[in-house]
Engineer: 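Take a look at the following structure, please.
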Amino acid sequence: MLEETFRLRITKDSKTKEVYVLNTCGQAAPKWETAMSIASIDRDSGLVAPTKQVLERMKQGEKFFMALGSSEDLALHLSYAVNRPVIDEAKVEGYYHFYFPFDVESDPPEKAIQLVKEKYGLCLVPDRRTVDVFVVDNAEY
């Protein structure tokens, strides 16, 4: 459909890129918040947050990083916060709320790296890895 409509060709390739590797920091991890309950929702604004306190702070304009799931899900969401792929080697199974004050548009990646370490006992270590990428080109007919 993309080829026909927009004249684009999308292919999969592998490239060696700068990444972060998510792993335990060699210390006992703090107790993580199991995501067993429904998040707090503000019907007027449409905002959704893991707790009522976070929801109130968001309603006041504070920005938050949020992810829900395993460490693999956290790694995927963190890739947007640190502007590069994050490879999950922590391999923490379960379903958790991950959140901290962070504005993806204005806060530096180093802030997210520090907060993940402080709050969840996980380190983001720079590395170079071969990762799958999608390549978008003009389709030739």
Engineer: Rounded at 0.5 Å granularity, tell me how far CD1 in Ile41 sits from CG in Leu47.
Structural biologist: 10.5 Å
Engineer: What's the spacing between Arg129 CZ and Ile87 CD1 if we round to 0.5 Å?
Structural biologist: 6.5 Å
Engineer: Quick one: closest heavy-atom pair of Leu122 and Cys25, and the distance?
Structural biologist: C-SG, 3.3 Å
Engineer: Examine Phe64 and Leu78 and state if one hydrophobic cluster contains both, with Ile, Leu, Val, Met, Phe, Trp and Tyr joined whenever side-chain heavy atoms are less than 4.5 Å apart.
Structural biologist: yes
Engineer: Can you name the closest pair of heavy atoms from Asp132 and Ser14 and give their distance?
Structural biologist: OD1-OG, 3.2 Å
Engineer: State whether the side chain of Ser79 and the backbone N or O of Pro85 hold a donor-acceptor pair below 3.5 Å, judged by distance alone.
Structural biologist: no
Engineer: I'd like to check Leu68 versus Tyr96 (side-chain heavy atoms, cut-off strictly below 4.5 Å). Are they in contact?
Structural biologist: no
Engineer: Count I, L, V, M, F, W, Y as connected when their side-chain heavy atoms are under 4.5 Å apart, and connections chain through other members. Are Val131 and Phe134 then in the same cluster?
Structural biologist: no
Engineer: Are any of the side-chain heavy atoms of Phe102 and Lys111 separated by less than 4.5 Å?
Structural biologist: yes
Engineer: For Arg128, give me all partners under side-chain hydrogen bond (donor to acceptor under 3.5 Å, both in side chains), at least two apart in sequence or on another chain.
Structural biologist: Glu18
Engineer: Looking only at the side chains, is there a donor atom on one of Gln114 and Glu118 sitting less than 3.5 Å from an acceptor on the other?
Structural biologist: yes
Engineer: Can you measure from SG (Cys123) to CG (Leu22) and round to the nearest 0.5 angstrom?
Structural biologist: 8.5 Å
Engineer: Assess Lys119 against Tyr99: is NZ or CZ under 6.0 Å from the centre of the six-membered ring, and within 45 degrees of the ring's axis?
Structural biologist: yes
Engineer: I want to check something: taking the side chain as every heavy atom from C-beta on, are Asp73 and Leu76 in contact at a cut-off of under 4.5 Å?
Structural biologist: no
Engineer: Evaluate the side-chain proximity of Lys117 to Ile113: yes if any heavy-atom separation is below 4.5 Å, no if none is.
Structural biologist: no
Engineer: Assigning hydrophobic clusters by single linkage (Ile, Leu, Val, Met, Phe, Trp, Tyr; side-chain heavy-atom cutoff under 4.5 Å), is Phe6 placed with Ile10?
Structural biologist: yes
Engineer: Hey, what do you get for CE (Met66) to NE2 (His97), rounding to the nearest 0.5 Å?
Structural biologist: 10.5 Å
Engineer: Give me the atom names and distance for the closest heavy-atom approach of Asn138 to Arg9.
Structural biologist: O-NH2, 3.7 Å
Engineer: Spell out, as yes or no, whether a donor-acceptor pair under 3.5 Å connects the side chain of Asp107 to the backbone of Val104.
Structural biologist: no
Engineer: For the CG atom of Leu124 and the CD atom of Glu110, what is their distance to the nearest 0.5 Å?
Structural biologist: 11.0 Å
Engineer: Using the rule that Ile, Leu, Val, Met, Phe, Trp and Tyr join whenever any side-chain heavy atoms are under 4.5 Å apart, tell me whether Leu74 and Val19 fall into a single cluster.
Structural biologist: no
Engineer: Taking the six-membered ring for Trp, is the centroid-to-centroid distance between Tyr120 and Phe98 below 6.0 Å?
Structural biologist: yes
Engineer: Check side-chain hydrogen bond (donor to acceptor under 3.5 Å, both in side chains) between Thr16 and all other residues, then give those that pass, not counting sequence neighbours.
Structural biologist: Thr130
Engineer: Can you give me the closest heavy-atom contact between Gly69 and Tyr95, atom names plus distance?
Structural biologist: CA-CD1, 3.6 Å
Engineer: More than 12 non-hydrogen atoms from neighbouring residues, nucleotides or ligands closer than 6.0 Å to CD on Glu72, yes or no?
Structural biologist: no
Engineer: If hydrophobic clusters are built from ILVMFWY residues whose side chains come within less than 4.5 Å, do Val82 and Phe65 share one?
Structural biologist: yes
Engineer: Tell me the closest heavy-atom pair linking Thr51 and Val54, and the distance in Å.
Structural biologist: OG1-N, 3.1 Å
Engineer: Filter on salt bridge (charged side-chain N to carboxylate O under 4.0 Å, His left out), then keep only pairs touching residues 42-60, sequence neighbours left out; what's left?
Structural biologist: Asp42-Lys59, Glu56-Lys59, Arg57-Glu62
Engineer: As an exercise, state the distance from OG of Ser71 to CH2 of Trp32, rounded to the nearest 0.5 Å.
Structural biologist: 5.5 Å
Engineer: Return the minimal non-hydrogen interatomic distance between Asp88 and Ala75, and the atom names on each side.
Structural biologist: CB-CB, 3.8 Å
